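Working notes, beginning with the structure itself.
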Amino acid sequence: FKLPPLYAPGLDSCRAALGSCAMSPAVQGLVLAALLLVLSRDWGCAQAAGTSGTRKPSVVLILTDDQDVCLGGMTPLKKTSALIAEMGISFSNAYVPSALCCPSRASILTGKYPHNHHVVNNTLEGNCSSKSWQKIQEPYTFPALLKSMCGYQTFFAGKYLNEYGAEDAGGIGHVPPGWSFWYALEKNSKYYNYTLSVNGKAQRHGENYSADYLTDVLANMSLDFLEYKSNFEPFFMMISTPAPHSPWIPAPQYKKSFQNVSAPRNGNFNIHGKDKHWLIRQAKTPMTNSSIQFLDDAFRKRWQTLLSVDDLIEKLVKKLELLGELDTTYIFYTSDNGFHTGQFSLPIDKRQLYEFDIKVPLLVRGPGIKPNQTNKMLVANIDLGSHYFGYLQDLIINKDTDGGGWSLLPRLRGDKNLTWRSDVLIEYQGEGHNSSDPTCPALGPGVTHCFPDCVCEDSYNNTYACVRTLSTSWDLQYCEFDDREVFVEVYNLTADPHQLTNIAKTIDQEILEKMNYRLMMLQSCSGATCRTPGVFDPGYRFDPRLMFSHGIWHLSASSVGFLCSFLQRDSSRSVCI
């Protein structure tokens, strides 16, 4: 190990001091080795900060729950737009690798696609906050590494993973490694009558607005942390609000807001999902008046709950400014997934492959970021952890993540001479069980989330994978379902932004095959192989070996069929299987 010159004089002094102590040479060696480990850690972080005397930047991540961007989800957040978006950068093409809370949150924490962190849906069986997740993934989330490797104070408040606190997974006494302060909601989003794990101890809340309204409680806890934290260490805060998730209970002062607002009647509202997966085709078109009234009410209440999030942002920014921390802190604002209200006659939910469910807001302000920027590059929430380590150039902890090579930091600071991805993977495994929904007894087994009017939003075979491509020449989505139909959906979003027309049967066969190969590769990728050039990048090369590095058990019949026909037709390609 070569010690940086910065620490050499101090080490010489330590050697002299140790030599004067009654220690054997072997014990002195052990002490010096431990010192070297600490110095090397601090040197890597200090070097990354720019100068040896500069404290590393702090980071705040605000994560909302089920907030869309396609249907006007940012409209109620006037303060947030002024304090973050107008003071920094807005990403107009930010996506989640799974349109569901738990897999998406796991991707944020790990920087991995669902097929690598293995959280596939919101159930314990789907690895959501399970014992397996706790053992294999939690010790290596980016907050744990920020704390252990760089000495960050870490603070969590709000919804963690949907099954957090389940008795079969350690209950609320389980505090994930890496968090200095832990205020986590037991299970799924609520506004009143919930339990928090306060560093492993239960704190129960009722229905008194001033003491219990969760969004406000999270705001107050966050302000207390900022007030009493150490001023000598950088901090990472993750504040995860219940809004705008159901049950959509607004604060009393906002219950009459947006009275004249209805869900947007956009191009795919209340129309039949022609040439789509059977779960979309089963929706009733046109929707009943009661369904439309239900989704309009839900839409309005969702906006009302976001007004308290707007207040939280304002309080947080003012506190950082008061403490003199605002100019050295990155503030990120995003959501775990989008949402739909009436698109393709699906009343309310997420879990689908379409833009309204997979596209989310992403706003950032912080050191070196110029105000009033909009960036159109394709980003995903697996990139967030990579950003936090983007300034730690001598640490390799971000290299093992699926987004690790795509640090956002240079882009945030305006460097336009960088290559960037042109596609991301979207994947989801359905939650349906082999039993009938009790609220809709006439339906067969395997469907779930059937409301209102027994329109089902999920099923056991609502299992799909997509490549979302965005390049200078193409704005395309290619999806395959793992079901009996082996269904394929393809959309050209340049010509068809509302994804009305499935062009799987009419698109050029060469493009179809390339997208199929790319999907197979991404479904098998890990780490650096997730960052190889997409099919519309100049550096794209088809390498079938990448598709088999992690096995082919998960590839659909259509994928294998495409591959076989391709290899049989083009003898110039060689592959060993």
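Keep in mind the model is a prediction, meaning the values are calculated, not measured.
Smallest separation of non-hydrogen atoms from L362 and A94: CB-CB, 3.7 Å. Of all non-hydrogen atoms in D357 and Q352, the two that sit nearest each other are OD2-N, 3.1 Å. Closest of all the heavy-atom pairs between S335 and V96 is O-CG1, 4.1 Å. Scanning both residues, W133 and L109, for their nearest heavy atoms gives CZ2-CD1, 4.2 Å. Taking every heavy atom of both residues into account, D336 and L63 meet most closely at N-CD1, 3.6 Å. Of all non-hydrogen atoms in P367 and Y330, the two that sit nearest each other are O-OH, 3.3 Å.
For K350 and D66, the salt-bridge test passes: some basic side-chain N is under 4.0 Å from an acidic carboxylate O. Remark: R265 engages D296 in a salt bridge, criterion side-chain N to carboxylate O under 4.0 Å. Salt bridge status for R531 with D402: absent, with no side-chain N to carboxylate O gap under 4.0 Å.
Taking the six-membered ring where tryptophan is involved, the planes of Y160 and W182 are perpendicular, since the angle between them exceeds 60° and thus also 30°. In this pair, F155 and F181 present their aromatic rings tilted. The plane angle is within the 30 to 60° band. Relative orientation of the F451 and F294 rings is perpendicular, given thresholds of 30° and 60° on the angle between their planes. Ring geometry for H340 versus F356: interplanar angle over 60°, hence perpendicular rather than tilted (30 to 60°).
Residues forming a side-chain hydrogen bond (donor to acceptor under 3.5 Å, both in side chains) with T329 (at least two apart in sequence, or on another chain): none. Judged as a ring-ring contact (aromatic ring centres under 6.0 Å, His included), and not counting sequence neighbours, W248 has no contacts. Not counting sequence neighbours, E125 has no partner by the side-chain hydrogen bond (donor to acceptor under 3.5 Å, both in side chains) test. With sequence neighbours excluded, the residues forming a side chain to side chain contact (heavy atoms under 4.5 Å, CB included) with P244 are T64, Q67, R302, T305, L306, listed by chain and number. Scanning for side-chain hydrogen bond (donor to acceptor under 3.5 Å, both in side chains) contacts around H174 gives E138, with sequence neighbours left out. Considering only residues two or more places apart in sequence or on other chains, R204 meets the salt bridge (charged side-chain N to carboxylate O under 4.0 Å, His left out) condition with none of them. Looking at residues two or more places apart in sequence or on another chain, you find no side-chain hydrogen bond (donor to acceptor under 3.5 Å, both in side chains) involving S308. Applying the ring-ring contact (aromatic ring centres under 6.0 Å, His included) criterion to Y194, with sequence neighbours excluded, gives H205. Applying the side chain to side chain contact (heavy atoms under 4.5 Å, CB included) criterion to E186, with sequence neighbours excluded, gives I172, T195.
For the side-chain contact (heavy atoms from CB on, under 4.5 Å) criterion with L384, the lone passing option out of T334, V59, V379 is T334.
One N or O on the side chain of Q153 and one on the backbone of S230 form a donor-acceptor pair closer than 3.5 Å. Of the possible polar contacts, none joining the T341 side chain to the I348 backbone as a donor-acceptor pair under 3.5 Å is found. A side-chain donor-acceptor contact under 3.5 Å links Y213 to the backbone of A251. A distance-only check finds no donor-acceptor pair linking the side chain of N122 to the backbone of N162 [under 3.5 Å]. No side-chain donor-acceptor contact under 3.5 Å links D212 to the backbone of Y192. No donor-acceptor pair under 3.5 Å is formed between the side chain of H117 and the backbone N or O of Q137. A distance-only check finds no donor-acceptor pair linking the side chain of T463 to the backbone of Q429 [under 3.5 Å]. A donor-acceptor contact shorter than 3.5 Å is absent between the side chain of Q134 and the backbone of P176.
Counting only residues at least two apart or in different chains, disulfide bond (SG atoms under 2.5 Å apart) contacts with residues 54-115 comprise C102-C128. Within the structure, every pair that satisfies the salt bridge (Lys or Arg N to Asp or Glu O under 4.0 Å) test and touches residues 70-87, not counting sequence neighbours, is listed here: K79-D311, K79-E314. Screening residues 215-229 for salt bridge (Lys or Arg N to Asp or Glu O under 4.0 Å) gives E227-K319, K229-E325 as the qualifying pairs, with residues at least two apart or on separate chains.
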Inset, instruction - Quick one: do L312 and T241 satisfy side chain to side chain contact (heavy atoms under 4.5 Å, CB included)? Show the steps, please. - result: CA-CA 10 Å; L312 182 156; T241 73; 4.3 Å; yes

Inset, instruction - Would you check, one step at a time, whether the test side chain to side chain contact (heavy atoms under 4.5 Å, CB included) holds for T80 with Y333? - result: CA-CA 9 Å; T80 301; Y333 182 97; 4.0 Å; yes

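Taking the side chain as every heavy atom from C-beta outward, L61 and F236 approach each other to under 4.5 Å.
Counting only N and O atoms by type, the side chains of K256 and Q304 include no donor and acceptor under 3.5 Å apart. Using a 3.5 Å distance cut-off with no hydrogens or angles, the side chains of R351 and S98 do not pair a donor with an acceptor. Using modelled atom types, one finds a donor on one side chain and an acceptor on the other under 3.5 Å when comparing Q343 with N266.
Counting non-hydrogen atoms of other residues, nucleotides and ligands closer than 6.0 Å to CG of N208 gives a total above 12.
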